[in-house]
There are 2 protein chains.
Amino acid sequence: MTDQTDKKPHHHGDLRAALIQSGIDILTESGLEALTLRRCAARAGVSHAAPAHHFDGLSGLRGAIAKEGFDRFRAQMLRSRASGSQSPEGRILSLCRGYLDFAVENPALFALIFSCGPMSQFEEDMNAGTASAYGVLRETCAPFVPKGSDPRVVETQVWSLIHGFSHLFLAGTFGPDAGPPDHHRLFAPVMALLQEIGTPPAPK
Amino acid sequence: MTDQTDKKPHHHGDLRAALIQSGIDILTESGLEALTLRRCAARAGVSHAAPAHHFDGLSGLRGAIAKEGFDRFRAQMLRSRASGSQSPEGRILSLCRGYLDFAVENPALFALIFSCGPMSQFEEDMNAGTASAYGVLRETCAPFVPKGSDPRVVETQVWSLIHGFSHLFLAGTFGPDAGPPDHHRLFAPVMALLQEIGTPPAPK
DNA sequence: AATGTAAAGTTTACAGTGTAAAGTTGAAGG
DNA sequence: CCTTCAACTTTACACTGTAAACTTTACATT
């Protein structure tokens, strides 16, 4: 609708960005349920109805935050991928490490991003973010796609594996005691399977 | 605390069970956000404060519903596993089909079960349900565990894979057009990887 | 049988939430 | 200087969870 990205608002400096950042702060500090239009407004120092103007209600705010969250998610995956070994195996393993680390470090934002509830109305923002993150995964998976086969097979395997592990880890399914310090220990089976996925195209 | 399973309540026949069923109905009809103490009470024909008595507030109601949901989840997996080929491979594939089918048929209940937000207070109910479902997975994975190795490796791989696929499928990550009719088509890569996991212990 | 007691629900009240409408401010353009 | 319009505020309302006080009912004890 109205493009207010490069247009200076009248009163506040850049309220839209400030509201998104306030929302992310609230998510980080107090969890998903604490993300509220009114609290977000209070933190940004505006009236409680201001966020409903910039975004289309609460779900609009959540969509905008999710978009920003996807950007950071993607950035962290890229950073992690660039940090380790640059072999095809090393790149995909580091990417998945970044995936898990982001989920562990930003659980509420991660949950918001992949929430499948009332975000359906925001498929525009949502699909853009998903496609962005998915693109990173695709190019990292490319070396493992057998020639002539559908790349989505490998992509789906890797994507499902790392996402399922991250989600179950956050939900505490792998034990209530497992905390951020030792999540890489539990991560070992996933890494092993990822390496197994990587072997077929390079048999000898 | 108070065991009210076999004790006839005073006014209502069995309000606790009625409230849980009302909650599941609301979830099925109107989604996760629609699950409300007051709506649940109205549907069961009692005052709005009644649910807060039987359960410990909203999170208590959600915990009780999650427990019931886990039972149905487990039952569906068992039913599905029993329906197909009884080879070790067939059993694990059918189990995962049941997993995915339950998620597709009960998206809100599935999301509630694996929500990692404010359920932490209900680790008792939650861990019981998780352990119950996890047990089914364990025994189905057992034939694929190499002798002397940690069974949790295979379990984690299968669990993460099927859960991640189900969750991403519900979230629409694999395309917004993919609906219940063709979710088994998209499921193919996961099945392939599951069979791959199954091969190592039977090399010849 | 009368009475006490505790559980099961209801009523009342309150703080917080999203949303819609009307009102206010302030910067830009003629 | 005045108009205009977007940005924001104020006001109002329906709905939510929670806590407290109150009422009813079944059971147990005397």
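Fair warning: this is a prediction, and the values are worked out from it, not measured in the lab. These values consider heavy atoms only, across backbone and side chains, with no hydrogens, waters or symmetry-generated copies. In what follows, every chain begins at residue 1, and chains take the letters A, B, ... in the order their sequences are listed.
The nearest whole Å value for the distance from the CG atom in B:L15 to the P atom in C:dA7 is 17 Å. Computed from coordinates, the B:L37 CG to C:dT11 P distance equals 17 Å when rounded to whole Å. For the pair A:F55 CZ and D:dA7 P, the computed distance is 12 Å after rounding to whole Å. Following rounding to the nearest Å, A:E33 (CD) and C:dG18 (P) show an atom-to-atom distance of 12 Å. The interatomic distance linking A:D14 (CG) with D:dA7 (P) rounds to 12 Å, in whole Å. Note: CG (A:L32) to P (C:dT17) measures 15 Å, nearest angstrom. Between the P atom of C:dT19 and the CG atom of A:L58 lies a distance of 6 Å, rounded to the nearest Å. Atom P of nucleotide C:dA15 and atom NE2 of A:H48 are separated by 17 Å, given to the nearest angstrom.
Ionic pairing of A:E105 and A:R72 is not present here: no N-O contact between side-chain nitrogen and carboxylate oxygen is shorter than 4.0 angstrom.
Distances shorter than 4.0 Å separate none of the side-chain N or O atoms of B:H54 from OP1 or OP2 on C:dA7.
Checked by distance alone, A:R38 brings no side-chain donor or acceptor within 3.5 Å of a matching partner on the base of C:dG16.
Judged purely by distance below 3.5 Å, without hydrogens or angles, the side chains of A:R81 and A:T140 pair a donor atom with an acceptor atom. Judged by distance alone, the side chains of B:Q76 and B:Y99 never bring a donor and an acceptor atom under 3.5 Å apart.
Using a 4.0 Å heavy-atom distance criterion, A:A52 is classed as making no nucleic acid contact. Residue B:T36 is in sugar-phosphate contact alone, with no base atom involved, counting any heavy-atom pair closer than 4.0 Å across all strands shown.
Aromatic ring centroids of A:F110 and A:H163 lie under 6.0 Å apart.
Each of B:S47 and A:H53 was assigned the nucleotide of DNA chain C with the nearest heavy atom; the assignment lying further toward the 5' end belongs to B:S47. For the pair A:A34 and A:A49, nearest-nucleotide mapping onto DNA chain C gives the more 5' position to A:A34.
Taking the six-membered ring for Trp and thresholds of 30 and 60 degrees, A:W159 and A:F114 have ring planes more than 60 degrees apart, a perpendicular arrangement.
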